[in-house]
Number of protein chains: 2
Amino acid sequence: MIETLLLRLRLRDDVSEEEEAALRGVLTSTQDYPARVRIVRRGEPLERSILLLNGMMCRCKNLRNGQRQITALHVPGDFLDLHGFTLKRLDHDVMSLGASRVAFAPHDRLIKLTEDHPHLMRLLWMTTNMDAAMHREWELSLGQRSGAVRAAHLFCELHAREEVVHKNIGHTLKLPMTQAELGECLGLTVVHTNRVLKELREAGLASFTRGDLVIHDIQRLRDFADFDPAYLYLDKRPR
Amino acid sequence: MIETLLLRLRLRDDVSEEEEAALRGVLTSTQDYPARVRIVRRGEPLERSILLLNGMMCRCKNLRNGQRQITALHVPGDFLDLHGFTLKRLDHDVMSLGASRVAFAPHDRLIKLTEDHPHLMRLLWMTTNMDAAMHREWELSLGQRSGAVRAAHLFCELHAREEVVHKNIGHTLKLPMTQAELGECLGLTVVHTNRVLKELREAGLASFTRGDLVIHDIQRLRDFADFDPAYLYLDKRPR
DNA sequence: CGCTCAGTTGACCGAATTCAATGCCAGTGG
DNA sequence: CCACTGGCATTGAATTCGGTCAACTGAGCG
């Protein structure tokens with residue numbers, strides 16, 4: 001159930017058997033959600049955090065006029081709103097993109113965890129800091145990269161994040177979202193997102209069709225996007 | 001020395017005398033830096049984190065072609081690179097904007113703190129999560145707001161962050177940066193930043209000249225920027 | 001079959017960039 | 001005291017990237 005999370009924590013540091021047991025002990029029930037439902041509403045008081053087990057979710061922020069920005073995408077093994085453990089409410093919504101399964105981590109159990117397992121707590125803290133690192137990379141994309149490069153860069157990011165979990169993912173990725181939603185990640189309108197995807201397709205870099213991303217040439221895509229995975233912190237060190 | 005940090009932590013939760021003492025005990029020496037020097041280089045291994053006592057600093061990311069994006073601005077009381085405590089290196093540079101003074105928090109002392117003072121640690125964790133919340137708001141700005149609104153929103157943010165520390169800040173703020181650097185925060189070129197500032201000035205909202213920001217009408221500026229300070233988490237709750 | 005939703009394309013428009021020139025200091029050295 | 005310099009701010013003109021509006025296609029479905 002938490003295998004993906006553990007795998008990803010162990011990429012960055014050792015996790016003892018005891019810590020693993022403690023982490024399992026934090027989780028209570030699981031729940032399934034269909035695609036496109038809001039899981040957490042901005043501002044509502046939180047008493048638990050949510051671990052994504054399966055599927056894909058996003059965090060999004062709204063402008064009063066209805067414009068939306070997706071600020072983060074989440075894959076299995078991500079704690080969707082672990083930052084809510086210390087913040088107690090969120091500044092954004094959390095919604096499912098594809099059908100998803102989650103597990104709940106009540107905050108009182110997490111508090112106990114911080115008291116009994118400081119090292120494990122630092123690792124969880126680290127995961128929220130890695131989320132922030134992705135936010136920063138997205139800021140760089142939104143502020144400085146062109147639409148096409150931005151899209152290519154996002155594809156590289158998702159590929160790299162997937163690759164650490166499933167070594168041989170080949171060249172295809174499931175992205176259960178519409179072009180409109182992809183545009184909300186990239187800060188582009190649907191129309192322009194469509195043109196940018198066409199450009200990447202015709203350049204032989206990547207094709208995105210109905211929730212399936214096919215990467216034709218990952219190396220050329222990375223070159224095109226000027227992609228450096230350092231910000232994903234894939235190295236193992238004592239923390 | 002850490003009064004500003006304490007004040008801002010106590011805005012969000014109680015901090016006991018004992019925790020205050022522990023926090024003071026974490027800090028070692030202080031150091032002064034002139035304006036415009038790089039304090040931390042991306043990628044370099046970190047063994048301490050840095051608390052900003054005075055002045056202003058920023059975090060910035062570079063593209064290979066020299067384009068830069070400033071991803072965060074820091075005011076006194078901010079831990080510049082507390083995320084480096086768990087990440088062990090940064091994905092960005094940290095540099096001073098104006099002349100600044102900092103204090104150092106060695107990571108081994110912070111580890112001790114996580115073991116002895118879990119509640120205080122959760123508060124420090126919270127501060128890194130508040131940084132991430134600002135990143136998200138900047139993503140929203142960069143992705144969805146127009147140049148002028150983006151600038152106005154940033155001014156509102158800085159005003160609000162300053163206000164919690166100095167209740168009667170009036171209508172003027174020190175921002176020791178050039179228009180070029182402001183543009184790097186906003187994802188705009190110098191030229192367009194200049195035009196946007198002119199627009200805000202002529203609309204009677206705010207004037208930015210040589211490091212001084214004068215806000216003519218904070219309420220109208222907030223309306224113009226559609227500013228909602230919720231993402232700054234200025235409410236007090238047990239965490 | 002007709003509905004809706006996602007994707008696609010064209011024509012046009014506007015915000016922001018690029019390129020280039022000019023103005024405005026503050027500092028410095030003759 | 002003034003000329004010179006360099007960094008920053010300002011403005012204009014031309015250009016481009018991305019947005020807006022609108023029409024059309026095609027797939028899925030009741």
Taken in chain and number order and not counting sequence neighbours, the residues that satisfy ring-ring contact (aromatic ring centres under 6.0 Å, His included) with A/F155 are none

Chain B vs DNA chain D, heavy-atom contacts under 4.0 Å, first-to-last nucleotide span, 5' to 3', is D/dC8 to D/dA13

Residues at least two apart in sequence or cross-chain that pass ring-ring contact (aromatic ring centres under 6.0 Å, His included) with A/H92, listed by chain then number, are A/H83

*asked:* Using a 6.0 Å cut-off, check whether atom NE2 of A/H216 has over 12 heavy atoms from anything other than its own residue.
replied: yes

Residue set satisfying salt bridge (Lys or Arg N to Asp or Glu O under 4.0 Å) with A/D223, at least two apart, ordered chain then number -> none

| query | Under the 6.0 Å and 45° cation-pi test, does B/R222 pair with B/F227? | reply | no

From CD of A/E199 across to C1' of C/dT9 the rounded distance in Å is 16 Å

By salt bridge (Lys or Arg N to Asp or Glu O under 4.0 Å), A/R12 pairs with (sequence neighbours left out) none

Given 3.5 Å as the limit, does a donor-acceptor pair link the side chain of B/D93 with the main chain of B/R41, or not? no

**Request:** Go through A/L188 and A/V196 one step at a time and tell me if the side chain to side chain contact (heavy atoms under 4.5 Å, CB included) criterion holds.
**Result:** CA-CA 10 Å; A/L188 300 174; A/V196 155; 4.2 Å; yes

So, OP1 or OP2 of C/dT8: does either fall under 4.0 Å of a side-chain N or O from A/K198? no

Please list, pair by pair, any protein nitrogen or oxygen found under 3.5 Å from a nitrogen or oxygen in nucleotides 16-26 of chain C.
| unit_1 | atom_1 | unit_2 | atom_2 | d |
| --- | --- | --- | --- | --- |
| C/dA16 | OP1 | B/G147 | N | 2.9 |
| C/dA16 | OP2 | B/H192 | NE2 | 3.2 |
| C/dA16 | O5' | B/H192 | NE2 | 3.4 |
| C/dT17 | OP1 | B/T189 | N | 3.4 |
| C/dT17 | OP2 | B/T189 | N | 3.3 |
| C/dT17 | OP2 | B/T189 | OG1 | 3.0 |
| C/dT18 | O4 | B/R195 | NH2 | 3.1 |

Review point. Can a side chain N or O of A/N194 be found less than 4.0 Å away from OP1 or OP2 on C/dG7?
Key: no

